[in-house]
Amino acid sequence: MPENRDYFEDVYQVVRLVPPGRVTTYGAIARYLSLRAGARMVGWAMNGAHVHDVPAHRVVNRVGVLSGKHHFGSPTAMQELLEQEGVRVEEDRVQNFGQLFWDPVSELD
DNA sequence: GAACTGACTCAGC
DNA sequence: GGCTGAGCCAGTT
């Protein structure tokens with residue numbers, strides 16, 4: 001539907017809708033916005049996340065790994081942010097991911 | 001201007 | 001059930 005690349009804004013907006021203490025995935029966002037581009041562009045969009053006040057720490061890859069932690073100020077910043085919200089993180093992976101996973105498609109739609 | 005790379009995912013083996 | 005290859009778009013070399 002959206003031919004423009006303003007979906008960057010949409011991505012940011014969806015991420016902001018993620019409740020504290022919950023996490024979502026790049027693929028889930030891509031599916032919700034019907035991005036033919038796929039999850040990869042969601043990740044690319046997150047490059048400007050810090051500029052848009054987006055809680056990027058709540059976005060992980062499909063298995064719950066903090067694949068984007070290197071883009072935060074420090075290697076542990078992402079994990080600490082999640083733990084502040086009550087999300088248990090171990091070995092760069094979100095524990096109990098299946099239960100904490102927040103899917104915009106089923107939660108918002 | 002072609003080739004590479006990246007905060008990913010899925011299908012196939 | 002873990003590894004490999006292919007596909008997606010955009011920015012960089």
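Values below: all heavy atoms of this structure, side chains included; hydrogens, waters and symmetry mates excluded. Because the structure is a prediction, the values reported are computed rather than measured. Proteins get letters first, then strands, A, B, ... in listed order; numbering begins at 1 in each.
- Nearest heavy-atom pair, A:P55 versus A:V15, reported as atom, atom and distance to 0.1 Å: O-CG1, 3.5 Å.
- Summarising the geometry of A:L100 relative to A:Q95, their closest heavy-atom pair is CD1-O, 3.6 Å, with the distance given to 0.1 Å.
- Taking every heavy atom of both residues into account, A:A56 and A:M46 meet most closely at CB-CE, 3.4 Å.
- Applying the ring pair (Phe, Tyr, Trp, His ring centres under 6.0 Å) test to every pair with at least one member in residues 36-57 of chain A, sequence neighbours left out, gives these pairs: A:Y12-A:H52.
- Note on residues 60-71 of chain A: pairs passing side-chain hydrogen bond (donor to acceptor under 3.5 Å, both in side chains), not counting sequence neighbours, are A:K69-A:D92.
- Residues from residues 65-97 of chain A with heavy atoms under 4.0 angstrom of DNA chain C: there are none.
- Taking atom CG of A:L33 as the reference point, atom P of B:dC8 lies 17 Å away to the nearest angstrom.
- Across B:dT9, C:dA10, B:dA7, the shortest atom-to-atom separation from the side chain of A:N61 is found for B:dT9.
- Within residues 40-50 of chain A, the residues approaching DNA chain C are A:R40, A:M41, A:W44, by heavy-atom distance under 4.0 Å.
- Under the 4.0 Å criterion applied to side-chain N and carboxylate O atoms, A:E85 and A:R22 are not assigned as salt-bridge partners.
- Taking the P atom of each, C:dA6 and B:dA3 are spaced 16 Å apart, rounded to whole Å.
- Straight-line distance between the P atoms of C:dG5 and B:dC4: roughly 15 Å, to the nearest whole Å.
- The partner of C:dT12 is B:dA3, by the rule that a Watson-Crick or G-U pair needs both atom distances under 3.5 Å.
- In terms of heavy-atom proximity, A:V23 sits nearest to A:L82 at CG1-CD2, 3.9 Å.
- Residues from residues 14-27 of chain A placing a heavy atom under 4.0 Å of any atom in DNA chain B, listed by number, are A:T25, A:Y26, A:G27.
- One side chain, A:N96 or A:Q99, offers a donor N or O that lies under 3.5 Å from an acceptor on the other.
- Side chain to side chain, A:E80 and A:Q84 fail the donor-acceptor criterion of an N or O pair below 3.5 Å.
- Judged as a ring pair (Phe, Tyr, Trp, His ring centres under 6.0 Å), the pairs with a partner in residues 86-105 of chain A (not counting sequence neighbours) are, in order, A:F97-A:F101.
- Among the candidates A:T24, A:L81, A:V18, the single residue satisfying the side-chain contact (heavy atoms from CB on, under 4.5 Å) test with A:R58 is A:V18.
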